[in-house]
There are 2 protein chains.
Amino acid sequence: MVEVAATRRSQPERREEMRRRLVAATLDALADHGHAGASLSVILDKAGVSRGAWAHHFDTKAEMLALAAEGLLREAVASAGTLSPAILPPGDGPAALGALLEQAWARFYEGRHRDLLFEVALAARTDAELKQRLAPIFSDFITAVGQSWGLALRPRPGAGAALADLMVLTVYMLRGMAMQELAAGPSPDHARLRALWAGLLAAQISC
Amino acid sequence: MVEVAATRRSQPERREEMRRRLVAATLDALADHGHAGASLSVILDKAGVSRGAWAHHFDTKAEMLALAAEGLLREAVASAGTLSPAILPPGDGPAALGALLEQAWARFYEGRHRDLLFEVALAARTDAELKQRLAPIFSDFITAVGQSWGLALRPRPGAGAALADLMVLTVYMLRGMAMQELAAGPSPDHARLRALWAGLLAAQISC
DNA sequence: GTAAAAACAAACCAATCAGTCTGTTTTATA
DNA sequence: TATAAAACAGACTGATTGGTTTGTTTTTAC
């Protein structure tokens, strides 16, 4: 009889991995079924975790959801801070700005990440506790975009708009476009519209 | 004993009014509690309608929700078509465009209407049947904005961007801003940012 | 090695979910 | 005015919800 060596793990290891699995499964359930469909049973199935084990690590579903949402948004804030400087090709304005837009689009406003962002924002709307925890992170995201994307950019001499403001407007536009794709499906026009936006920005920004 | 004269109503009247009440209550519940919290019981409480009466008029909650969402969006499409021409003050560009933006903002992207728009869009994401019914209306909205807002506007001679595209970008920007307010609360910067965008538009558009 | 604590499993619970069933009231038809 | 049909009310149903309870396995501390 072969005895499979039960991988012995310390309790901190166990605890951390279990909580990580549960939080990940919460986001998976949110992405797959939306806030309304992400029941505890669905989440636990995805995590492969029993109800009893779950209860040992979290008091309520709301607490677990809040933790998952906070993690998602904090990562987005951190990611926003590292977006622009590295990827901007030097020289020609519209193309470089276009590349920045495409990076932001792909990172935040397509696919699963976009879906989660919207699900979490909407969930917070009607849940005071969740809203209180998430609202400041949403604000941080905009602040991060405004402050850090401008690092590799310079306003053109005669430009009437501050760099930070232009970057915030850009993010808002991408978000609205993302919502359109979420609701109506992807549109072939959108890549062209992003390039058009980059061109308008280039009149204000040099890089 | 006073006999209150029971207001006699025809069956078509009854039917129509009951369905109208139920659809209105569905939107109220959606606005107040979100998709996840808008249970049939909540909706029926708001409507003041019994379960039996409801069942006589709708087969499923999903069907009623779809009808409510369709109505909401079709009204928005119609409203988008009548937005610009009447309200634009003639003459000076940035101010007129600013007024257009503020109109659009107030009509679509503030308060209850904004909340419902987002709730409905997100609900459709994970509900294939609902998505199939709503997606074309979301597309119609963008088409309507692109086509009709340009009626009172003219591109400036040297402008590189089509009017319709600029209007669509504008709506996307407003939407993204709306989502920020939904998630993080209203921001005093946003009115300024809208005016800033109106100024940038004025470089491309004369009116 | 042994006792305590942490981790885990699964049966269980009251409340609520969407939807149905049965019977009553109101309107329409003849 | 009698009969049928539509409108309505409220009790009821099985499934599912978030959460609890009881008992077992694994890790830790002595």
Side-chain angles (χ1 to χ4, degrees), chain A residues 3-26 28-30 32-69 123 126-130, chain B residues 3-26 29-30 32-69 123 126-127 129-130:
Chain A
E3 183 92 355
V4 174
T7 54
R8 186 183 171 93
R9 293 172 306 160
S10 76
Q11 278 172 351
E13 276 171 346
R14 281 188 164 203
R15 183 164 189 82
E16 194 184 356
E17 203 251 339
M18 182 62 97
R19 286 174 67 96
R20 202 196 50 73
R21 256 166 74 193
L22 283 166
V23 163
T26 301
D28 280 347
L30 221 51
D32 287 358
H33 306 287
H35 180 45
S39 74
L40 191 51
S41 305
V42 166
I43 295 171
L44 295 181
D45 273 2
K46 276 185 187 287
V49 167
S50 72
R51 257 183 146 65
W54 167 76
H56 184 70
H57 294 284
F58 292 97
D59 284 343
T60 65
K61 181 193 165 189
E63 187 201 324
M64 183 170 63
L65 176 66
L67 217 73
T126 49
D127 179 335
E129 160 79 7
L130 187 61
Chain B
E3 182 93 355
V4 175
T7 54
R8 185 183 170 95
R9 294 172 304 160
S10 76
Q11 278 171 353
E13 277 171 347
R14 280 188 165 203
R15 184 164 187 82
E16 195 184 355
E17 202 250 339
M18 182 60 99
R19 287 176 66 96
R20 203 197 49 76
R21 257 168 71 195
L22 283 166
V23 162
T26 301
L30 222 49
D32 288 357
H33 306 287
H35 180 43
S39 74
L40 192 50
S41 304
V42 165
I43 295 171
L44 295 181
D45 272 1
K46 277 186 186 286
V49 166
S50 72
R51 258 183 145 67
W54 167 77
H56 185 69
H57 294 285
F58 292 96
D59 285 342
T60 65
K61 182 193 165 191
E63 186 200 325
M64 183 170 63
L65 176 67
L67 217 73
T126 49
D127 179 335
E129 160 79 7
L130 187 62

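Lettering follows sequence order; numbering is per chain, from 1.
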Worksheet entry | Donor-acceptor contact present, side-chain B/Arg21 to main-chain B/Gly48, <3.5 Å |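 Yes: the side chain of B/Arg21 pairs with the backbone of B/Gly48.
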Worksheet item: Sub-3.5 Å donor-acceptor pair from the side chain of A/Arg9 to the main-chain atoms of A/Arg14, do we have one?
Response: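 Flag not set: sc A/Arg9 to bb A/Arg14 has no pair under 3.5 Å.
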Using atom [atom1] of [X] as one end and atom [atom2] of [N] as the other, report the distance to the nearest whole Å.
{"X": "B/Arg21", "N": "D/dA7", "atom1": "CZ", "atom2": "P", "answer": "14 Å"}
{"X": "B/Phe58", "N": "C/dT20", "atom1": "CZ", "atom2": "P", "answer": "15 Å"}
{"X": "A/Glu17", "N": "C/dC8", "atom1": "CD", "atom2": "C1'", "answer": "13 Å"}
{"X": "B/Met64", "N": "C/dC17", "atom1": "CE", "atom2": "C1'", "answer": "14 Å"}
{"X": "B/Leu44", "N": "C/dG19", "atom1": "CG", "atom2": "C1'", "answer": "11 Å"}
{"X": "B/Glu16", "N": "D/dA7", "atom1": "CD", "atom2": "C1'", "answer": "15 Å"}
{"X": "A/Glu13", "N": "C/dA6", "atom1": "CD", "atom2": "C1'", "answer": "14 Å"}
{"X": "A/Met18", "N": "D/dT27", "atom1": "CE", "atom2": "P", "answer": "12 Å"}

Shortest non-hydrogen contact from [X] to [Y]?
{"X": "A/Lys61", "Y": "A/Ala38", "value": "NZ-O, 2.9 Å"}
{"X": "B/Gly37", "Y": "B/Val42", "value": "O-CG2, 4.0 Å"}
{"X": "B/Thr126", "Y": "A/Gly34", "value": "CG2-N, 3.6 Å"}
{"X": "A/Ile43", "Y": "A/Ala25", "value": "O-CB, 3.6 Å"}

[N] phosphate, OP1 or OP2: any side-chain N/O from [X] under 4.0 angstrom?
{"X": "B/His56", "N": "D/dA7", "value": "yes"}
{"X": "A/Arg14", "N": "D/dT27", "value": "yes"}
{"X": "B/His57", "N": "D/dA6", "value": "no"}

Worksheet item: Starting at the 5' end of DNA chain D and moving along, which residue's nearest nucleotide shows up first, B/Gly48 or A/Ala55?
Response: B/Gly48
Discussion item. For a quick check, with a 4.0 angstrom heavy-atom cut-off, what is the B/S/- contact string for nucleotides 14-19 of chain D, read 5' to 3'?
Written reply: ---SBB
Worksheet item: Is the number of heavy atoms from other residues, nucleotides or ligands under 6.0 Å of A/Glu16 CD greater than 12?
Response: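 Counting other residues, nucleotides and ligands, CD of A/Glu16 stays at 12 neighbours or fewer.
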